[in-house]
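A short worksheet on the structure shown next.
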2 protein chains.
Amino acid sequence: MATYTISEISQMFHLPASTIRYYEKIGLLEHVEHINSYRRVYNESHIDRLNAIECFKKALLPLDEIKAFFTYEKDMEQNSEKILQMMKTQEVKTVERMKDLETGLAHLQKKIRFYTLVDEAVKHGTPLPNWDEL
Amino acid sequence: MATYTISEISQMFHLPASTIRYYEKIGLLEHVEHINSYRRVYNESHIDRLNAIECFKKALLPLDEIKAFFTYEKDMEQNSEKILQMMKTQEVKTVERMKDLETGLAHLQKKIRFYTLVDEAVKHGTPLPNWDEL
DNA sequence: ATACTACTTGAAGTTTACTTTAACTCAAGT
DNA sequence: ACTTGAGTTAAAGTAAACTTCAAGTAGTAT
């Protein structure tokens, strides 16, 4: 079975080693062997786990909920409803955050249009644009 | 000119009064009069400002950058390039965050499909679904 | 007059997700 | 033998954006 050092994992996921140790500390990464009782060794299961963490983080799930998910997942038959509930609740939140982001982005882009015109007006000495007419 | 108390503003923006005071403290809200030297009074200009803050927050601009924007905006002719740079930089970041959110959402939705099937399988005593076949 | 309510202050505390620090441990290379 | 490099630990520190606290004030209601 292929094994990896912490710096390999670090490069793989663009995460500092300290973060990977931190994830282990809070119980997000489990069963990390320490060879010679001091050096960490990772395998495919940790890579899978980190990929899942990455996805959940992108969906804005807080670390403690990601951890709870992995706990529930160990007995998915018992916990399928709980997991489903959790995922659906987060789906709503994620969709809301996407809507906010769209609103915010539109505002940013309006500012960009406006200040592009301001910049041009300043350079050519022409009158400044009107925000409300955009 | 219409004026508002802190609790009216609080309700208007769904922000606790403490947050509105905090924004004043860090310089995001300016020129807030304190009548009888103790009670805050807000007007339309503060409402405009808070609306702008809300939009920028949705675009994920940190408060110190929002503050910097308002400072630059006071002399937009001088600072149009700086503002434009700031908005464009943030636009890129916001778009990136939206992509992440989309990825995360897709992952969430796959989990929802999977655990819906798990839940059904458990209820009907049929075999569990396979994650990789979804 | 007293109580009540809405508001005030500065300072300290909270949360999340890390990051940094200091002192230490191996194993390998020169 | 010594240095170097990668890794280790527990504990403290950081950053952002608030939130809570304790003690106090001003205007209104009873």
Side-chain angles (χ1 to χ4, degrees), chain A residues 3-29 31-43 46 49-50 52-70 86 90 93-94 97 100-101 104, chain B residues 3-29 31-43 46 49-50 52-70 86 90 93-94 97 100-101 104:
Chain A
T3 61
Y4 309 87
T5 66
I6 200 164
S7 46
E8 285 168 333
I9 297 290
S10 171
Q11 289 181 323
M12 233 176 257
F13 288 93
H14 310 289
L15 288 174
S18 61
T19 301
I20 297 162
R21 280 189 218 105
Y22 170 71
Y23 284 176
E24 181 182 342
K25 189 178 169 187
I26 63 170
L28 218 48
L29 284 174
H31 320 301
V32 182
E33 262 189 274
H34 293 217
I35 56 160
N36 301 333
S37 77
Y38 89 100
R39 209 170 271 228
R40 288 175 175 78
V41 189
Y42 299 90
N43 58 42
H46 301 110
R49 176 63 66 99
L50 279 163
I53 292 170
E54 201 180 35
C55 284
F56 283 133
K57 284 210 305 184
K58 283 182 178 173
L60 300 181
L61 221 80
L63 298 188
D64 60 352
E65 291 212 42
I66 299 179
K67 185 184 166 182
F69 168 80
F70 292 135
M86 189 181 198
Q90 189 57 40
K93 287 186 191 164
T94 306
R97 297 276 30 238
D100 282 352
L101 231 48
Chain B
T3 61
Y4 309 88
T5 66
I6 199 165
S7 44
E8 285 168 332
I9 296 289
S10 170
Q11 290 181 322
M12 232 177 256
F13 288 93
H14 310 290
L15 288 175
S18 60
T19 300
I20 297 162
R21 281 190 218 104
Y22 170 70
Y23 283 176
E24 183 182 341
K25 191 178 169 187
I26 61 169
L28 218 47
L29 284 174
H31 320 300
V32 181
E33 264 189 88
H34 293 217
I35 56 162
N36 302 331
S37 75
Y38 88 100
R39 208 168 272 224
R40 287 173 175 79
V41 190
Y42 300 90
N43 59 41
H46 301 110
R49 176 63 69 101
L50 279 163
I53 291 170
E54 202 180 34
C55 284
F56 283 133
K57 284 211 307 184
K58 283 182 178 172
L60 300 182
L61 223 81
L63 299 188
D64 59 352
E65 291 212 40
I66 300 179
K67 185 184 166 183
F69 168 79
F70 292 135
M86 188 181 197
Q90 189 56 39
K93 286 185 191 166
T94 306
R97 297 275 32 237
D100 282 353
L101 231 49

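Just so you know, these numbers come straight off a predicted model, no measurement behind them. Lettering of chains follows the sequences in order, A, B, ..., and the numbering in each one begins at 1.
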Please set out all donor-acceptor pairs under 3.5 angstrom arising from side-chain atoms of residues 59-70 of chain A, sequence neighbours excluded.
residue, atom, partner, partner atom, Å
A/Lys67, NZ, A/Ile26, O, 3.1

List the atom pairs, donor and acceptor, that lie under 3.5 Å between side-chain atoms in residues 3-12 of chain A and the rest of the protein, sequence neighbours left out.
residue, atom, partner, partner atom, Å
A/Tyr4, OH, A/Glu44, OE2, 2.6
A/Thr5, OG1, A/Ser7, N, 3.4
A/Thr5, OG1, A/Ser7, OG, 3.2
A/Thr5, OG1, A/Glu8, N, 3.2
A/Glu8, OE1, A/Thr5, N, 2.8
A/Ser10, OG, A/Leu15, O, 2.6

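Taking atom CG on B/Leu29 and atom P on D/dC18, their separation rounds to 12 Å, with Å as the unit. Between A/His34 atom NE2 and C/dC26 atom P the separation is 14 Å, expressed in whole Å. A straight line from CD of A/Glu24 to P of C/dA17 spans 18 Å, rounded to a whole angstrom. Separating the CD atom of A/Glu54 from the P atom of C/dC18 is a distance of 12 Å, rounded to the nearest angstrom. Here D/dC18 presents its P atom at 8 Å from CD1 of B/Ile26, a figure rounded to the nearest Å. B/Lys67 places its NZ atom 13 Å from the P atom of D/dA16, with the value rounded to the nearest Å. Per the geometry, CD1 belonging to B/Ile20 stands 15 Å off P belonging to C/dA6, to the nearest Å. Rounded to whole Å, the distance from CD on B/Glu65 to C1' on D/dA15 is 14 Å.
Sorted by residue number, the members of residues 6-14 of chain B with any non-hydrogen atom under 4.0 Å from DNA chain C read B/Ile6, B/Ser7.
Residues A/Ile53 and A/Phe13 form no side-chain contact, since every pair of their non-hydrogen atoms from C-beta on lies 4.5 Å or further apart. A/Arg49 places none of its side-chain heavy atoms less than 4.5 Å from the side chain of A/Tyr42. Considering only heavy atoms from C-beta on, A/Arg21 comes within 4.5 Å of A/Arg40 through its side chain.
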Interface polar pairs with nucleotides 23-26 of chain D, N/O, under 3.5 angstrom:
residue, atom, partner, partner atom, Å
D/dA26, O4', B/Tyr38, OH, 3.4

Give me the distances for all protein-to-nucleotides 19-22 of chain C N/O pairs that come in under 3.5 Å?
residue, atom, partner, partner atom, Å
C/dT19, OP2, A/Thr19, OG1, 2.5

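B/Lys57 pairs by the side chain to side chain donor-acceptor pair (under 3.5 Å) definition with B/Tyr23, not counting sequence neighbours.
Rounded to the nearest 0.5 Å, atoms NE2 (A/His31) and CD (A/Glu24) are 11.0 Å apart. Atom NE2 of B/His14 and atom CD of B/Glu54 lie 8.0 Å apart (nearest 0.5 Å). For the atom pair A/Thr19 OG1 and A/Leu28 CG, the distance stands at 11.5 Å (nearest 0.5 Å).
Between A/Leu29 and A/His46, the shortest heavy-atom distance links the atoms CD2-O, 4.2 Å. Listed here is the closest heavy atom pair of B/Lys58 and A/Asp100: CB-O, 3.3 Å.
Considering only side-chain N and O atoms, B/Arg40 lies under 4.0 angstrom from the phosphate OP1 or OP2 of C/dT8. Of the side-chain N and O atoms in A/Tyr23, one or more sit less than 4.0 angstrom from OP1 or OP2 of C/dC18.
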